Every structure is written in structure tokens, then in C-alpha cells.
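Keep in mind it's a predicted model, so treat the numbers as computed, not measured. All heavy atoms count here, side chains included; hydrogens, waters and symmetry mates do not.
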Amino acid sequence: MIVRTKRLLPVVLATTLGLTLTACGGGSENTDPAADGKITIGIVGSTPVQDALKDVAAQHDVTVEYVDFSDYSQPNPALKSGDIDMNWFQHIAYLADYNNSSGDTITPVGSTSIFPLGLYSKTAKSVGDLKQGDEIAVPNDSINLSRSLNLLKQQGLVSFTKDTIAPTEQDLDAEKSKVKVRPVSAEQTVLSMDSVAGSVVNNDFLDRANLDPKNALAQDDPTADSAKVYDNLFAATQANADNETLKKVASFYYDSTVQEAEKKETKGTAVPTKVDQQELKDLLARYSQDLKEQSK
């Protein structure tokens, strides 16, 4: 979120056709997602990391199937409708915002990693090379937009009109900001690099875009306490979040085979977290409340 997104071009959602509550058993009324012999996980863009987890699961006699969605807006509603049993694409902050806005109760099952958010450019060699009025592409979903704007503020590239933990484009002080921002869908931040001075890019796009994190002009600190809400998750409906099979599948993320695939995919920048499920739930509740207070 980083929300886990790994798609540079739109995905045709053909894999979702024919999926039903009966087929997947992921609906809020079903407390045994594994009843049909498989666990169906919603993702946004397929990578070798998912393939590695699927292989590890098979070694433990668990069948994992993926439904590949085209954008962030789809995997959470798919849980509620029962089209999938679990999803794997978002961090705590994104989920908190989604639950607040939708009234849903999607719940963490297990943690994965925190991924740094970086500012990249094809022309500038340092933040100092960016000029007054330059345009920076940023992800347009509310949480990653806020995270991107905070990163730009830390680098002295933008200023806000008020003190806020969740800035929006409307909070930018145009007169005091050095750069302008161009909100685009997360997968478009890389594709926009030819037409902007820089882009804030989710870590998951680095491999496909041939970007080296060592060349980032700046990035946030994934080890900071403030980064905990960007821990990426496996999530399920509230009714299924404590299901032992789902938790078992989530734990496979920490298998050495999956970790090696993640290390390669993220060029060694992923920071595995292995956070207790209850702590994830507590973090989600606290951040949800912070967002509610911020919006008052």
C-alpha cells in the first residue's frame, strides 16, 4: 500500500469470473474457508513472491489459489462478497482508511514486511537538483498520497497549510512549496517518469521498472516507529481472521524460500516484521481512530 501493488499495466479480471461464495467460502458467514480444500487469496499483480508462497503451502498440503485484481479498490469488497478467503495487498494504514470509509470490519490475519517509499527521477541526481515548479507524480489513493506528501515535506519540497498526520492535495501550500504534485494511480507513477521531474514509487514496482533503490533521491525509514502502520498484511473478514488455516498460510510468508523471493523482488529493501496478530489488530484500531479524529 506500501500497499502491495505489482502491476504496471491494467489486468483483465478474467480470473474472478465464476467465483462465488459457495466456490471460495470466504463470506462473512463462513468460518471455515478451507472447507472446499483450498485457500483463495486476492492480490494486485502477480510476482515470484506469491509463487514461492504457493509452493511452500503445497509442501504443507495446503492448496493456495490467487485472484489477481486490477487495482486497490477490489480485493477488500471481494472478501465481503465471498469471492476470496483472504487478501494480500495492503498495509495497516490503507486498511484503516478503507474500514472507516466503507463501514467494513476487514481484519488482519498476519504481517509481512514494511517497504520503503522512494522518490525517483530520470533526470535529477539529488533532491537539490529539483527545480522550482517541477512536477512530482505520487500515488493517488488517500493513504499512499499522504505518505508521499509527508516524504516530500521531509525533503523540503512541499509545505502544508496546517499541521496534519494525513495530508491531502488540498493541504499543500502552493506558494511555499518548491514542487507541484501530480496524483496518479500507483501503477502509473513509474509510467509517468518520462513526463515528470520525479515520481514517488511503491517499492513493489522497482524490479519491473528496473529501478535501483540505491538510486532513490530520498525514501522514508521503514524501521521507524511511525512506519509500523505501513506493515503489509494478509487480511480477511472479521469472522474468518482467526481461522487457523488462514493464519497458517500467512505464516508461510516467513519461510526462507518466500523470503529469498521477496529479497530479490524488492532488491533487498523489504523489512520483514513478524508482528503478533493482536498487535496488528491494536495498531489498526488506533490508526482508524486517529484518522477519525483527524477528519473532525
TODO: Report the C-alpha distance between Gln59 and Asp255 in whole Å, list the side-chain angles of each, state the deciding distance to 0.1 Å, and finish with yes or no for side-chain hydrogen bond (donor to acceptor under 3.5 Å, both in side chains).
DONE: CA-CA 11 Å; Gln59 294 168 17; Asp255 183 273; over 6 Å; no

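- The neighbour count for Lys247 NZ, taken as heavy atoms of other residues, nucleotides or ligands under 6.0 Å away, is above 12.
- Transitive grouping of hydrophobic side chains (ILVMFWY, heavy atoms separated by less than 4.5 Å) keeps Val196 and Val127 in distinct clusters.
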- [ ] Output, in order, the C-alpha distance, side-chain angles, deciding distance and verdict of salt bridge (charged side-chain N to carboxylate O under 4.0 Å, His left out) for Lys162 and Asp171.
- [x] CA-CA 7 Å; Lys162 62 182 180 181; Asp171 294 318; 3.6 Å; yes

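- Once rounded to the nearest 0.5 Å, the distance linking CG of Leu284 with OG1 of Thr107 reads 7.0 Å.
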Open item on the list: With side-chain hydrogen bond (donor to acceptor under 3.5 Å, both in side chains) as the criterion, how do Thr266 and Glu262 come out once you've worked through the C-alpha distance, each side chain's angles and the decisive distance to 0.1 Å?
Closed with: CA-CA 6 Å; Thr266 66; Glu262 187 76 274; 4.8 Å; no

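- Across Lys178 and Gly156, no two heavy atoms sit closer than the pair CB-O, 4.4 Å.
- Listed here is the closest heavy atom pair of Ser192 and Ala137: CB-CB, 4.1 Å.
- The main-chain N or O of Leu151 is never found under 3.5 Å from a side-chain atom of Gln155 such that the two would form a donor-acceptor pair.
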- [ ] Apply side-chain contact (heavy atoms from CB on, under 4.5 Å) to the pair Val49 and Val258, showing each step before the final yes or no.
- [x] CA-CA 6 Å; Val49 182; Val258 181; 4.0 Å; yes

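- Classification of Lys263 and Glu260 as a salt-bridged pair fails, no side-chain N sitting under 4.0 Å from a carboxylate O.
- A salt bridge is absent between Lys267 and Asp212: the closest approach of a Lys/Arg side-chain nitrogen to an acidic carboxylate oxygen does not fall below 4.0 angstrom.
- The side-chain heavy atoms of Ile39 and Val62, taken from C-beta on, include a pair separated by under 4.5 Å.
- Under the 30°/60° scheme for interplanar angles, the aromatic rings of Tyr253 and Trp88 are found to stand perpendicular.
- In this structure, the side chains of Val190 and Asn202 stay at 4.5 Å or more apart for every pair of heavy atoms.
- Side chain of Ser199 to main chain of Val201: no donor-acceptor pair is present (N/O by atom type, distance under 3.5 Å, no hydrogens or angles).
- Counting only N and O atoms by type, the side chains of Asn140 and Glu169 include no donor and acceptor under 3.5 Å apart.
- Here the shortest heavy-atom pairing between Ala270 and Phe115 reads CB-CE2, 3.4 Å.
- Using modelled atom types, one side-chain atom of Tyr66 and one backbone atom of Gln50 make a donor-acceptor pair closer than 3.5 Å.
- For Gly110 against Ala250, the heavy-atom pair with the smallest separation is CA-CB, 4.3 Å.
- Both Leu152 and Phe160 belong to a single network of hydrophobic side chains, linked directly or stepwise wherever heavy atoms of I, L, V, M, F, W or Y lie under 4.5 Å apart.
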Task: CA sep, side-chain torsions, deciding dist, call: Asn240, Asn243, side-chain hydrogen bond (donor to acceptor under 3.5 Å, both in side chains) - done: CA-CA 5 Å; Asn240 288 337; Asn243 178 271; 5.6 Å; no

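- Using a 4.5 Å cut-off between side-chain heavy atoms of Ile, Leu, Val, Met, Phe, Trp and Tyr, with links allowed through other members, Val200 and Val184 fall into different hydrophobic clusters.
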Open item on the list: Evaluate Asn76 against Leu95 for side-chain contact (heavy atoms from CB on, under 4.5 Å), listing each step before the verdict.
Closed with: CA-CA 9 Å; Asn76 281 329; Leu95 178 55; 4.3 Å; yes

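- Closest approach of Pro272 and Gln259 over heavy atoms only: CG-OE1, 3.1 Å.
- A side-chain hydrogen bond (donor to acceptor under 3.5 Å, both in side chains) check over residues 271-282, counting only residues at least two apart or in different chains, returns the pairs Ser111-Thr273, Asp231-Thr273, Asp242-Gln277, Asp242-Lys281, Gln278-Asp282.
- Rounded to the nearest 0.5 Å, atoms CG (Leu172) and CD (Gln170) are 8.5 Å apart.
- Between Glu135 and Lys180, no side-chain nitrogen of the basic residue sits less than 4.0 Å from a carboxylate oxygen of the acidic one, so the salt-bridge criterion is not met.
- His91 contributes atom NE2, which lies 13.5 Å from atom CG of Leu280 (distance to the nearest 0.5 angstrom).
- The closest donor-acceptor contact from the side chain of Asn99 to the backbone of Ile106 lies under 3.5 Å.
- The 12-atom threshold is not exceeded at NZ of Lys153, counting heavy atoms of other residues, nucleotides or ligands nearer than 6.0 Å.
- Considering all non-hydrogen atoms of both residues, Val44 and Asp68 come closest at C-OD1, 3.7 Å.
- At distances below 3.5 Å, at least one donor-acceptor pair connects side-chain atoms of Asp129 with backbone N or O atoms of Lys125.
- Side-chain atoms of Tyr254 come within 3.5 Å of backbone atoms of Thr112 as a donor-acceptor pair (strictly under, hydrogens ignored).
- Note that CG of Leu246 and CG of Asp32 are 9.0 Å apart. Values are rounded to the nearest 0.5 Å.
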Task: Chi angles and distances behind the side-chain contact (heavy atoms from CB on, under 4.5 Å) call for Val249, Met86 - done: CA-CA 10 Å; Val249 171; Met86 185 162 63; 3.9 Å; yes

TODO: For Asp220 and Asn150, run side-chain hydrogen bond (donor to acceptor under 3.5 Å, both in side chains): C-alpha distance rounded to whole Å, both residues' side-chain angles, the deciding distance at 0.1 Å, then the answer.
DONE: CA-CA 9 Å; Asp220 55 9; Asn150 281 323; over 6 Å; no

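- When side chains are defined from C-beta on, Val181 counts as touching Leu149, because their heavy atoms get closer than 4.5 Å.
- Side-chain contact check for Asp85 versus Thr245: every heavy-atom pair is 4.5 Å or farther apart.
- When side chains are defined from C-beta on, Tyr120 does not count as touching Leu217, because their heavy atoms never get closer than 4.5 Å.
- Interatomic distance, OG of Ser177 versus CD1 of Ile136, reported as 11.5 Å (0.5 Å rounding).
- A donor-acceptor pair under 3.5 Å is formed between the side chain of Asn232 and the backbone N or O of Ser113.
- Aromatic ring centres of Phe89 and Phe69: separated by at least 6.0 Å.
- Contact check for Pro139 versus Pro183: no side-chain heavy atoms found under the 4.5 Å cut-off.
- In the hydrophobic cluster analysis, where Ile, Leu, Val, Met, Phe, Trp and Tyr join through side-chain heavy atoms closer than 4.5 angstrom, Val271 is grouped apart from Leu117.
- Rounding to the nearest 0.5 angstrom, the gap separating the CG atom in Leu79 from the OG1 atom in Thr105 is 10.0 Å.
- Two residues are said to be in side-chain contact when any heavy atoms from C-beta on lie closer than 4.5 Å; Ile92 and Lys228 fail this criterion.
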Open item on the list: Between Leu119 and Gln219, is the side-chain contact (heavy atoms from CB on, under 4.5 Å) condition met? List the steps.
Closed with: CA-CA 6 Å; Leu119 172 62; Gln219 65 179 29; over 6 Å; no

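- The shortest side-chain heavy-atom distance between Glu265 and Pro48 falls under the 4.5 Å cut-off.
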